[in-house]
Amino acid sequence: GLFENIRAKGFTRVRVDISEYTRGLANMVKDANITMDRVSGSFRKIGSELESVGKTISLRVGAPIAALGTAAFFAAGTIDEAMDKIRASTGKTGTNLEALGTSFRNVLGKVPNAAGEVATAVGDLSRRMDLTGKDLEELSEQMLHLARLTGTDVGGAVRTATQLFHAWGEDAMGRLKKDAFKLTETIDDLGNVITKVAKVSRPAGESGRILGKQLDFLFKITQRTGTSMSELMGTLVDLGPILRTGGISFKDAAAMLAKFDKAGISASSAAFGLRSALDKLSEEGKLAELGVTTLNEGLLVLFKRIKDAKTPTEAAALGFEFFGSRGLALAEAIRKGATEVREFVREVDNSKETVQRAAEDTRSFAERWGEFRNKLLLAMEPFGDQLQRAFKDVLFPLFLRGIDLLQQLTTWFSNLSPGVQQAILIVGGLAVALGPLLIGLSALAAAVAVVAGAGVIGLVIAAIGAW
């Protein structure tokens with residue numbers, strides 16, 4: 001009984017001592033948990049703020065830079081493709097190609113057309129008209145505006161327009177030659193005369209300016225008659241040699257064909273009839289019958305006789321005789337004034353309208369946006385060019401080295417024995433399977449650690465205290 005009493009008292013004493021210790025330890029853990037909660041909260045706050053800053057940087061800095069880089073890449077690629085087209089179409093290289101590139105960029109910044117269309121205009125006009133510099137740029141810009149205003153393809157418009165110049169350009173150049181020959185009265189040396197005539201007959205860029213004026217004139221005619229620009233140009237190209245031989249000027253021919261079209265006779269049908277009339281007038285004795293000596297005079301007399309015919313039947317007879325199957329329709333149009341072009345030509349000449357002016361007055365929002373887009377392309381091209389060079393000089397070699405290493409690895413693996421290959425594949429498969437397993441175990445360990453850190457110590461202490 002005494003021993004048991006002593007043991008009970010001693011046990012109680014020990015229990016009291018441990019209980020005090022555990023209470024102190026619990027308080028320490030509680031204080032530690034509070035401190036850790038504060039630290040954890042601080043880190044969570046810092047992490048949240050860093051995440052916010054990162055998102056802000058990505059959104060406001062990284063994304064715009066990436067977008068700018070992409071746009072610059074696109075700009076450089078677009079202009080590079082256009083220059084490739086000019087290079088391929090003209091065959092120019094070196095400084096000559098650089099000069100065309102300068103002209104291309106100057107034109108691109110002034111028009112809403114796509115870079116490919118601008119390259120077509122600059123390249124084709126350079127090749128077909130032997131133009132460079134400002135003369136090339138002005139005509140290219142005019143052709144691009146004309147194609148847009150008339151709804152025609154740029155390449156086709158350039159081709160027909162240059163053919164028009166070569167069919168009718170000399171009609172205007174002839175006046176320059178006559179002026180040049182007047183200088184022979186004061187120049188004795190024949191070599192100097194020839195040189196002077198050549199310079200006056202085709203000064204630098206003159207061909208481009210003549211074609212530009214021809215296009216403005218035809219554009220104004222189509223506005224007044226509703227004639228198709230492309231059809232009118234095509235007919236003038238086909239009839240150019242014949243009408244010029246007949247002494248009909250470019251402006252008179254264009255005005256006459258357009259007025260026929262307005263009267264219901266297409267330019268091509270009118271051209272067929274005029275060709276028949278000129279062939280008929282070229283027959284022996286026909287001009288003499290009309291009392292004239294030239295084809296131009298013969299046409300004018302024929303038009304007057306049809307116009308002044310006493311009856312439609314008499315006019316139709318003349319029409320069938322000279323114009324063939326189109327005789328009746330042409331005779332009716334002539335009697336309505338289709339061939340009275342002098343006043344009409346004078347009216348067109350006095351008009352201040354030009355292709356350039358019409359393009360400016362009719363510029364839509366979409367076209368203004370196109371001009372802005374082109375200016376933006378030109379502004380970003382240098383940056384994009386530098387990025388492309390960086391990729392070409394730095395990243396592409398790295399990619400090629402990586403491909404080379406992969407090829408070497410493939411060759412090495414192919415040269416191994418089948419057994420070794422199978423062993424490598426098995427080890428690789430285990431690695432593939434082991435990876436997710438280790439990740440799962442690490443997650444489980446982390447969860448255990450969190451649970452232990454958060455509550456196990458407290459639970460143990462509570463258990464000891466309860467015991």
Pairs satisfying salt bridge (charged side-chain N to carboxylate O under 4.0 Å, His left out), at least one member in residues 217-228, at least two apart = R224-E347
Are K259 and K336 close enough that some pair of their side-chain heavy atoms sits under 4.5 Å apart?
-> no
State, with a plain yes or no, whether a side-chain heavy atom of Q223 is found less than 4.5 Å away from one of F219.
-> yes
Does a donor on one side chain sit under 3.5 Å from an acceptor on the other, for Q142 and Q356?
-> no
Distance only, no hydrogens: is a donor on one side chain within 3.5 Å (strictly under) of an acceptor on the other, for T78 and E81?
-> no
Could you tell me whether E340 and K307 make a salt bridge, using a distance below 4.0 angstrom between a side-chain N and a carboxylate O?
-> yes
If we only count heavy atoms from C-beta on, is the I210 to F250 side-chain gap below 4.5 Å?
-> no
For F320, ring-ring contact (aromatic ring centres under 6.0 Å, His included) partners two or more places apart | none
Taking the side chain as C-beta and beyond, is there a heavy-atom pair between P112 and W369 under 4.5 Å?
-> no
In L406, T411, D404, the residue satisfying side-chain contact (heavy atoms from CB on, under 4.5 Å) with Q408 is D404
Once you round to the nearest 0.5 Å, how far does CG of L100 lie from CG of L125?
-> 11.0 Å
Let me see the working for M83 and L97 under side chain to side chain contact (heavy atoms under 4.5 Å, CB included), right down to the final yes or no.
-> CA-CA 9 Å; M83 287 303 302; L97 182 60; 4.0 Å; yes
Identify whether the distance between the nearest side-chain nitrogen and carboxylate oxygen of E321 and K286 falls below 4.0 Å.
-> yes
Hey, are R128 and D124 close enough for a salt bridge, meaning a charged N less than 4.0 Å from a carboxylate O?
-> no
Is the side chain of R244 donor-acceptor paired with the backbone N or O of A167 at a distance under 3.5 Å, no angle test?
-> yes
E332/R335 salt bridge by N-O under 4.0 Å criterion = no
Do L274 and I248 have side chains that get closer than 4.5 Å, going by heavy atoms?
-> no
No-hydrogen, no-angle side-chain donor-acceptor test under 3.5 Å, T311 and T313 = no
Find the distance between CG (L108) and CD (E141) and round it off to the nearest 0.5 Å.
-> 11.0 Å
Are D252 and R342 ion-paired here, with the side-chain N under 4.0 Å from a carboxylate O?
-> yes
Partner residues of T339 under the side-chain contact (heavy atoms from CB on, under 4.5 Å) criterion, sequence neighbours left out | M256, F260, F303, I334
Salt-bridge contact E137-K134 (side-chain N to carboxylate O under 4.0 Å) | no
Are any of the side-chain nitrogens in E371 or R363 under 4.0 Å away from the carboxylate oxygens of its partner?
-> yes
For the pair T162 (side chain) and R159 (backbone), establish whether a donor and an acceptor sit closer than 3.5 Å, ignoring hydrogens and angles.
-> yes
